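Working notes, structure below.
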Amino acid sequence: MGYQLMTTEDPKTEIEVSRPDTPAPKANARRWTLRRTSGLVAALAAVGTVLAGLTGYWTTYRTITRELLAPVKPAPTAPTEAVRFSVVVLPFANLSGDPSRDYLADAITENLTTGMSRIPRLFVIARNTAFTYKGKNIDAKEIGKDLGVRYVLDGSVQRDQNRVRVNAQLVDTHSGAHLWADQFDTTRADPLQMQDEIVARIASAVRYELVKAEAQKSVITTNPDARDLAIRCASVAGRAGLFGKEAEAGYRLCERALDADPNNVIALSMSSIGYIVSIVLGRSTDPRADLKRADELASRAIAVDANNQLGHVAKGNVLRVERRFEDAIAEFERALALDPDVAEAYGGVGATYGDIGQYEKAIEFFDKAIRLSPQQTQELAIWCHGKGVAYFGLQQYDQAIEWARRSIAINPNFASALGILAASLGLTGHEAEARNAEQRRAALSKIKNIAVLNKAFAPPPSADPRTRATFDRIIEGLRKAGMPEE
């Protein structure tokens with residue numbers, strides 16, 4: 001019996017693809033099946049839908065790649081000309097009033113400098129140079145001219161007996177405009193863990209803002225090259241949302257980028273993702289061929305640059321679609337080994353563990369992705385939903401309800417989260433609320449009854465009995481929420 005990949009359209013066709021990790025003893029090789037089904041499958045990601053597994057990809061432009069950023073070689077003879085993509089992390093100010101506590105602000109500054117240096121081809125001013133500005137109040141434009149950098153990241157640290165508050169801001173040295181600012185609060189229970197968490201969250205947010213800023217600049221380019229097209233590809237797909245039809249325009253930009261440069265890693269990776277999305281949403285006219293193409297593109301991205309994290313994230317997604325769960329986790333972990341601040345990789349690992357019924361681990365990795373995600377994004381909505389369905393799998397329905405509601409608060413039209421909310425409310429006796437959630441879900445999904453839902457999930461994505469048991473409880477909860485049998 002093969003494995004089936006569920007998508008979000010009506011079940012019409014079925015294809016078979018050989019499983020590369022399963023030997024074929026004779027003519028009867030084991031195969032897994034890709035079947036196109038319908039919309040609530042995404043809502044039921046607790047049992048391993050591919051929709052939940054693609055968490056993080058609609059904003060993959062957050063992961064800055066070597067191909068995304070042009071080579072930077074600051075000219076020593078022209079220090080006042082800012083390098084196209086460059087940053088200085090200025091010493092964070094200690095606002096505690098006690099100079100003996102400078103060490104915390106200095107440690108955060110140093111770790112942020114190291115974190116920024118992991119971004120391929122981003123020119124980062126050395127720590128020793130940056131620290132010559134400590135305690136000085138100098139305009140960002142002047143610093144940009146002095147150091148030849150385009151962006152300045154600075155901030156402050158304030159602490160009391162139990163908590164630490166860090167403020168950070170990113171400034172464009174050309175215009176003096178503040179591109180981003182945020183505040184981070186944490187406890188002092190474990191100083192090293194506290195520092196790591198703050199640095200990771202700031203670094204992740206700054207990556208996102210830097211790429212967004214570069215994408216905006218590339219839009220006005222009159223003769224865009226492969227780099228500009230790839231940036232715009234990621235940006236358009238990101239703004240539209242991974243599954244939005246508008247994202248298809250972004251993927252077409254990646255095709256143009258590959259025409260200009262067949263070895264552009266971000267274009268290769270994003271194009272691979274585009275094919276996977278097409279399969280998952282039932283838009284593909286040839287899922288088997290598109291899956292093969294997605295695999296080829298991701299593999300080429302890794303071949304061009306094995307140290308580029310986005311290629312490994314894309315490959316991990318392909319492997320999840322193929323139900324090669326252990327291999328998928330390994331690819332996501334390779335991305336994290338290259339850069340431990342890649343939220344998309346944490347989301348991919350979390351979704352994969354959810355596929356195989358390891359819900360505790362799924363929650364652990366979704367938590368890491370959520371901590372690194374900018375607030376109020378569609379990506380965050382998907383990860384909150386993933387955490388909710390993991391709690392559903394653990395039969396912790398109050399927590400499932402809470403996280404489903406968090407997801408819906410970000411995206412009120414997220415049918416997946418509405419489905420889990422309806423099922424959880426149905427199982428906990430909140431009939432009126434459950435029926436309301438189910439009616440909202442049904443208005444957004446093509447799955448209208450239990451019969452279609454059962455057909456869509458036969459069999460579940462993994463052999464683990466927990467996934468089957470979880471799906472059976474979802475059916476029970478949705479039935480109590482008012483979903484008709486036929």
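Model, not experiment: these values are computed from the prediction. The basis for the numbers below is simple: all heavy atoms, side chains too, and nothing from hydrogens, waters or symmetry mates.
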In Å, rounded to the nearest 0.5 Å, how long is the span from [atom1] of [X] to [atom2] of [Y]?
X: Ile420; Y: Arg441; atom1: CD1; atom2: CZ; result: 11.0 Å
X: Leu418; Y: Leu425; atom1: CG; atom2: CG; result: 10.5 Å
X: Arg293; Y: Ser284; atom1: CZ; atom2: OG; result: 13.0 Å
X: Met483; Y: Ser445; atom1: CE; atom2: OG; result: 7.0 Å
X: Leu372; Y: Glu344; atom1: CG; atom2: CD; result: 9.0 Å

So, do [X] and [Y] sit near enough that their side-chain heavy atoms are less than 4.5 Å apart?
X: Arg159; Y: Arg163; answer: no
X: Leu104; Y: Gln195; answer: yes
X: Trp180; Y: Asp182; answer: yes
X: Ile370; Y: Leu380; answer: yes
X: Asn436; Y: Arg440; answer: yes
X: Arg165; Y: Val157; answer: no
X: Ile302; Y: Leu268; answer: no
X: Gln158; Y: Val164; answer: no

Residue pairs passing the salt bridge (Lys or Arg N to Asp or Glu O under 4.0 Å) test where at least one lies in residues 420-429, sequence neighbours excluded =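 Applying salt bridge (Lys or Arg N to Asp or Glu O under 4.0 Å) to every pair that reaches into residues 420-429, excluding sequence neighbours, yields nothing.
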Give the intermediate values and the outcome of side chain to side chain contact (heavy atoms under 4.5 Å, CB included) for residues His178 and Leu170.
-> CA-CA 6 Å; His178 285 68; Leu170 184 68; over 6 Å; no
Electrostatic pair [X]-[Y], nearest N-O below 4.0 angstrom:
X: Glu331; Y: Lys315; answer: no
X: Lys368; Y: Glu197; answer: no
X: Glu476; Y: Lys480; answer: yes

Using the ring pair (Phe, Tyr, Trp, His ring centres under 6.0 Å) rule, take Tyr346 and Phe366 through it: C-alpha gap first, then chi angles, then the decisive distance, then the call.
-> CA-CA 7 Å; Tyr346 286 116; Phe366 279 129; over 10 Å; no
Testing Cys254, Ser272, Ser269 for side-chain contact (heavy atoms from CB on, under 4.5 Å) with Leu297, which one passes?
->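 Among the candidates, only Ser272 passes.
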What do you reckon, is NZ of Lys361 surrounded by more than 12 foreign heavy atoms closer than 6.0 Å?
->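 Check fails, neighbour count at 12 or below.
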Check step by step if side chain to side chain contact (heavy atoms under 4.5 Å, CB included) holds for Leu291 and Ile276.
-> CA-CA 7 Å; Leu291 180 62; Ile276 292 296; 3.9 Å; yes
Between Phe414 and His385, does the ring centroid distance fall short of 6.0 Å?
->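 Between His385 and Phe414, which both carry aromatic rings, the centre distance is below 6.0 Å.
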Going by atom types alone, do Tyr391 and Ser424 pair a side-chain donor with an acceptor below 3.5 Å?
->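 Side-chain D/A pair, Tyr391 to Ser424: absent.
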Any luck finding a side-chain donor-acceptor pair between Arg320 and Thr352 under 3.5 Å?
->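 Present: a donor and an acceptor within the cut-off.
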Quick one: do Asp367 and Arg371 satisfy salt bridge (charged side-chain N to carboxylate O under 4.0 Å, His left out)? Show the steps, please.
-> CA-CA 6 Å; Asp367 276 340; Arg371 281 198 296 270; 5.1 Å; no
For residues 394-404, run the donor-acceptor check on the side chains, cut-off 3.5 Å, and write out each pair with its distance to 0.1 Å, sequence neighbours left out.
residue: Tyr397; atom: OH; partner: Arg473; partner atom: NE; Å: 3.0
residue: Glu402; atom: OE2; partner: Arg406; partner atom: NE; Å: 3.4
residue: Glu402; atom: OE2; partner: Arg406; partner atom: NH2; Å: 2.6

